[in-house]
Amino acid sequence: MANMNMIQALTSAMDIMLGKDPSVILMGEDIGYFGGVFRATEGLQRKYGEHRVIDTPIAEGGIVAAAIGMSINGLRPVAEIQFADYIYPGFDQIVSELARIRYRTAGDFFAPLTIRTPCGGGIRGGQTHSQSPEGIFTHVSGIKVVMPSNPFDAKGLLITCIEDDDPVVFFEPKRLYNGPFDGDPTKPAVPWNAHPKGQVDEGYYTVPLGKADIVRTGSEVTIITYGTMVFVAAAAAAAMNLDAEIIDLRSLVPLDVDTICTSVRKTGRCVVAHEATRFSGFGAELLSIVQEECFWDLEAPIQRVTGWDTPYPHAFEWEYFPGQARVSMALKTVMEPA
Amino acid sequence: MPIKSRLHLPHVPARPGEKPDFSYVQISPAGAVPRPQVNALVKDVAHLALEMVRVLDDNADAVGAWHPHLDASELQVGLRHMLLTRIYDERMQRMQRGGKISFYIRSLGEEAVSVAQGMALSPSDMLFPGYRNQGLQIVRGIPLVNLMCQLLSNTRDMCKGRQLPVMYHSKANNLFSISGNLATQFPQAVGWAMAAAIKGEGNLAATWIGEGSTAEADFHHALLFASVYQAPVILNVVNNQWAISTFQGYAGGEQRSFAARGPGYGMAGIRVDGNDFLAVYSVTQWAAERARTGGGPTLIELVTYRGAAHSTSDDPARYRAKDDAEHWPLGDPIIRLKAHMIKIGEWSEERHEALVAELEAQVVSSWKEAVTFGTLNEGPKLDSDLMFEDVFKEMPENLQRQQALMRKERS
């Protein structure tokens with residue numbers, strides 16, 4: 001076991017897979033010689049060579065398309081899109097091609113491609129470096145969508161994704177790269193080495209897709225969340241002295257419906273929290289499922305905590321960000337007696 | 001100074017009711033274009049992108065440095081594949097008109113593109129076709145019954161009923177799936193070729209796109225990546241002059257050839273008479289050897305003419321001169337190869353007639369067999385349960401539930 005931040009854990013996952021499987025290659029903008037703008041591929045080109053860790057032109061559509069071509073020719077590419085906000089030039093290749101190659105060829109061809117991309121706000125990135133577009137991808141049949149919230153999960157999930165024969169979009173909440181974040185930007189940053197999930201096995205291990213993590217067991221309310229909001233939600237519930245059960249989904253597709261429903265049936269109350277915008281967001285899907293499956297167990301209407309339905313504004317980052325105050329309001333509402 | 005700027009609209013030579021005019025097509029005499037070494041530098045082969053490689057002249061003789069000197073048996077195979085493609089197309093068009101299949105796309109007049117190029121490549125080369133490359137399927141020996149079952153979405157459909165007609169694939173024969181979205185296969189082929197080079201394999205990728213679709217970003221991504229990584233790939237632009245109703249000038253073909261995009265991106269570009277079987281074969285062979293010997297990618301523009309409608313849902317009489325095809329200056333690929341073979345004593349009208357009759361019978365008997373596996377309206381049907389398979393490798397729980405619901409809904 002070693003202390004790792006989320007970046008180091010991701011690097012370790014890629015390092016292990018490059019070493020283990022000669023069909024694994026990395027590609028993306030600035031990822032080779034330079035090691036990536038967030039340093040996720042630091043040292044890997046030196047270790048595995050320019051033909052395994054490949055710098056690309058600034059053309060996300062080309063990166064995704066070329067990676068698809070490689071993946072149907074027996075490689076397992078891990079393509080980095082430098083920011084999730086830049087993924088849209090590759091969107092057609094992801095939606096119209098990557099997601100459906102297995103389907104349209106009745107399983108004769110498949111594309112084991114993992115697309116890694118940093119997402120989310122809280123780093124003063126403005127509207128072009130802060131987006132959380134995961135919900136757009138969960139709406140597409142045929143791609144898996146994953147978002148870890150800590151170094152341990154990040155490494156195990158990424159290894160699973162690289163080994164998976166289906167395509168995955170792997171979102172990395174970049175505000176969590178260097179430490180858990182409770183939503184209060186005025187507090188000093190907390191590094192991962194003080195957190196149990198910052199203790200990471202240096203070797204090979206996997207974390208399965210479709211298996212949510214119960215971060216905290218509780219009896220009064222279920223908070224379903226993922227990514228950056230895991231720690232914000234936990235801090236808000238703790239500040240209110242609520243015995244909340246906190247579920248970190250880890251993978252949105254496939255989704256662990258059983259863990260969600262078992263928890264809501266137990267607590268009878270539910271809050272859904274994500275950083276992404278509200279309207280047609282992934283939270284709406286979670287609400288629908290809980291309503292369909294657990295309606296008679298609910299004591300109160302399900303609440304949603306999200307970013308506002310605006311672009312992510314540079315100057316009003318913390319007014320936009322769904323911090324503890326917004327979570328607390330939702331918790332308060334859901335805890336009100338009927 | 002008065003403002004002189006005015007929006008330019010590309011000139012369409014002949015609309016319905018007008019006289020066909022192909023004076024815009026720059027044609028080099030057969031045999032006129034020199035054939036450089038396959039390892040020539042891009043800057044030294046720039047002329048290939050602007051002239052037109054031609055081998056068959058107006059007297060049906062094969063002339064010049066690009067003459068591939070194929071054996072008579074190869075010429076006969078080429079003619080057979082082109083004829084089979086045309087006869088298959090004609091028959092399937094009729095089946096669509098008769099309501100047996102929902103949609104069809106013919107390649108009338110463009111048969112040399114797929115057949116000559118397919119023959120010039122090795123069976124282990126990976127092909128990423130467009131939707132008008134059925135000749136590639138024929139060259140690779142896919143049984144007509146298999147192709148027809150795809151058109152019928154029947155119980156033997158390789159796509160299990162998930163794709164529009166003509167979107168074939170064959171993993172075993174190195175034919176990638178046709179998307180139905182335009183241009184997407186172009187950069188994928190480059191990625192495939194990059195992987196081949198990473199793995200140190202000798203296979204190359206070849207892909208096809210219409211001149212209209214070169215307007216898509218995917219085309220430019222493909223050229224960029226192919227050039228940056230010098231990928232072993234052949235990028236083919238089939239310039240058949242028309243993208244449904246939109247003339248090639250609207251894809252940027254008015255000011256400069258499509259082949260010239262190649263040198264613009266740093267790779268060889270060759271403009272070839274797409275209706276000249278021998279020239280198409282020869283330039284493809286040149287590009288393949290170049291790619292296999294580390295010379296990188298080649299962009300080939302195949303100048304041809306879409307003899308038929310875009311698809312069975314289209315009527316070209318509404319946007320182009322009715323007798324346009326008859327005035328096309330590069331003639332018909334089948335007639336030209338046939339004339340050459342007769343001239344060199346390797347073919348005759350009698351043999352040609354007999355071959356046509358044989359191929360027509362083959363198409364008819366294949367169709368009879370294909371429909372025994374079902375049509376859209378009658379006979380055995382695909383199990384609708386199959387629609388939930390292959391979304392992922394393992395069927396997730398939500399799809400299992402939906403599958404069960406659908407069964408209930410239909411019971």
Side-chain angles (χ1 to χ4, degrees), chain A residues 22-23 25 27 51-52 54-75 77 79 89-90 92-93 95-113 141-144 164-167 209-210 253-258 289, chain B residues 126 128 157-163 167 169-172 176-181 183-201 203 205 207 216-218 220-229 231 233 386-387 389-394 396-399 401:
Chain A
S23 68
I25 64 113
M27 61 193 293
H51 288 81
R52 305 274 315 275
I54 304 167
D55 278 315
T56 66
I58 307 171
E60 292 79 10
I63 292 169
V64 175
I68 291 171
M70 290 177 177
S71 71
I72 60 173
N73 194 4
L75 298 187
D92 182 50
Q93 283 284 346
V95 175
S96 308
E97 299 290 316
L98 181 61
R100 296 189 226 147
I101 283 171
R102 182 186 292 282
Y103 192 70
R104 79 184 204 214
T105 66
D108 289 342
F109 289 95
F110 63 99
L113 165 59
S141 308
I143 358 175
K144 296 178 176 175
D164 199 294
D165 282 343
D166 289 316
L209 305 188
V253 179
L255 182 67
D256 186 354
V257 174
D258 284 348
I289 290 171
Chain B
M126 186 73 185
F128 290 76
D157 172 11
M158 64 188 77
C159 306
K160 294 191 182 162
R162 292 164 188 164
Q163 286 262 65
M167 309 299 170
H169 71 271
S170 171
K171 171 105 174 166
F176 189 60
S177 154
I178 298 160
S179 167
N181 276 16
T184 49
Q185 74 279 10
F186 231 55
Q188 292 168 3
V190 175
W192 193 98
M194 288 170 67
I198 288 168
K199 293 191 283 182
E201 295 170 353
N203 300 323
T207 185
E216 295 281 5
D218 278 328
H220 300 274
H221 292 151
L223 266 66
L224 175 70
F225 278 63
S227 171
V228 167
Y229 300 104
V233 63
L386 287 171
M387 88 161 103
E389 291 183 3
D390 303 316
V391 179
F392 296 101
K393 189 177 181 184
E394 316 281 345
E397 199 186 347
N398 60 326
L399 288 182
R401 271 198 238 180

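Labels below follow one simple rule: chain letters A, B, ... track the order of the sequence lines, proteins then strands, and each chain is numbered from 1. Computed over heavy atoms, backbone and side chain alike; hydrogens, waters and symmetry mates excluded.
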Item to check | Contact check, side chains of I198(B) and M70(A), non-hydrogen atoms, under 4.5 Å | outcome: yes
Next on the checklist: Can you tell me which portion of N203(B) sits under 4.5 Å from chain A's heavy atoms? Options are side chain, backbone, both or neither.
Outcome noted: neither
Checklist outcome for this item: If one checks every heavy atom of D108(A) against chain B at 4.5 Å, the contacting part turns out to be both
Item to check | Heavy-atom closest pair, residues F109(A) and S177(B) | outcome: CE1-N, 4.4 Å
Checklist entry - Of the listed residues (P57(A), S23(A), S141(A)), which shares the most heavy-atom pairs with chain B below a 4.5 Å separation? => result P57(A)
Item to check | Any Q163(B) side-chain heavy atom under 4.5 Å of Y103(A) side chain | outcome: no
Checklist entry - Ignoring hydrogens and geometry, is there a side-chain-to-backbone donor-acceptor pair from D390(B) to R102(A) under 3.5 Å? => result no
Checklist outcome for this item: Greatest number of non-hydrogen atom pairs under 4.5 angstrom with chain A, of M167(B), E201(B), H169(B), falls to H169(B)
Item to check | Heavy-atom proximity to chain B below 4.5 Å, by part of A67(A) | outcome: neither
Checklist entry - Could you give the distance from CD (E397(B)) to CG (D258(A)), rounded to the nearest 0.5 Å? => result 5.0 Å
Checklist entry - G74(A), P22(A), P167(A), A66(A): which one forms the most heavy-atom pairs within less than 4.5 Å of chain B? => result A66(A)
Next on the checklist: Quick check for you: to the nearest 0.5 Å, what is the distance between S179(B) atom OG and R100(A) atom CZ?
Outcome noted: 8.0 Å
Item to check | Residue pair F392(B) / V253(A): nearest heavy atoms and the distance that separates them | outcome: CZ-CG1, 3.9 Å
Checklist entry - In terms of heavy-atom proximity below 4.5 Å to chain B, should S71(A) be classed as side chain, backbone, both, or neither? => result neither
Checklist entry - Under 4.5 Å between any side-chain heavy atoms of M194(B) and L75(A), yes or no? => result no
Item to check | Closest approach of G62(A) to F225(B) (non-hydrogen atoms, all atoms of both residues) | outcome: C-CZ, 3.5 Å
Next on the checklist: Please identify, among I178(B), L399(B), D157(B), V228(B), the residue contributing the most non-hydrogen atom pairs under 4.5 Å to chain A.
Outcome noted: I178(B)
Checklist outcome for this item: Between K160(B) and A106(A), the two heavy atoms sitting closest are CG-CB, 3.7 Å
Item to check | Spacing of I72(A) atom CD1 and K171(B) atom NZ [to the nearest 0.5 Å] | outcome: 8.0 Å
Checklist outcome for this item: So, the part of I101(A) with a heavy atom under 4.5 Å from chain B: the answer is side chain
Checklist outcome for this item: Bottom line for D164(A): the part with an atom under 4.5 Å from chain B's heavy atoms is neither
Checklist outcome for this item: In terms of heavy-atom pairs under 4.5 Å with chain A, the winner among A217(B), A195(B), A222(B) is A195(B)
Checklist entry - Any donor-acceptor pair under 3.5 Å linking the side chain of K199(B) with the backbone of N73(A)? => result yes
Next on the checklist: Could you measure the distance from the CD atom of E97(A) to the CD atom of Q188(B)? Nearest 0.5 Å is fine.
Outcome noted: 4.5 Å
Checklist entry - Which of the residues V190(B), N181(B), V391(B), T184(B) is involved in the greatest number of heavy-atom pairs with chain A at under 4.5 angstrom? => result T184(B)
Next on the checklist: Quick check for you: to the nearest 0.5 Å, what is the distance between T105(A) atom OG1 and M158(B) atom CE?
Outcome noted: 11.0 Å
Checklist entry - Got more than 12 heavy atoms from elsewhere within 6.0 Å of CD1, I58(A)? => result no
Checklist outcome for this item: The interface call for F176(B) against chain A, heavy-atom contacts under 4.5 Å, is both
Item to check | Approximate separation, where rounding is to 0.5 Å, of T56(A) OG1 and H221(B) NE2 | outcome: 10.5 Å
Checklist outcome for this item: Applying a strict 4.5 Å limit to non-hydrogen atoms, the region of D256(A) in contact with chain B is neither
Item to check | A196(B) versus chain A, the contacting section by heavy-atom distance below 4.5 Å | outcome: both
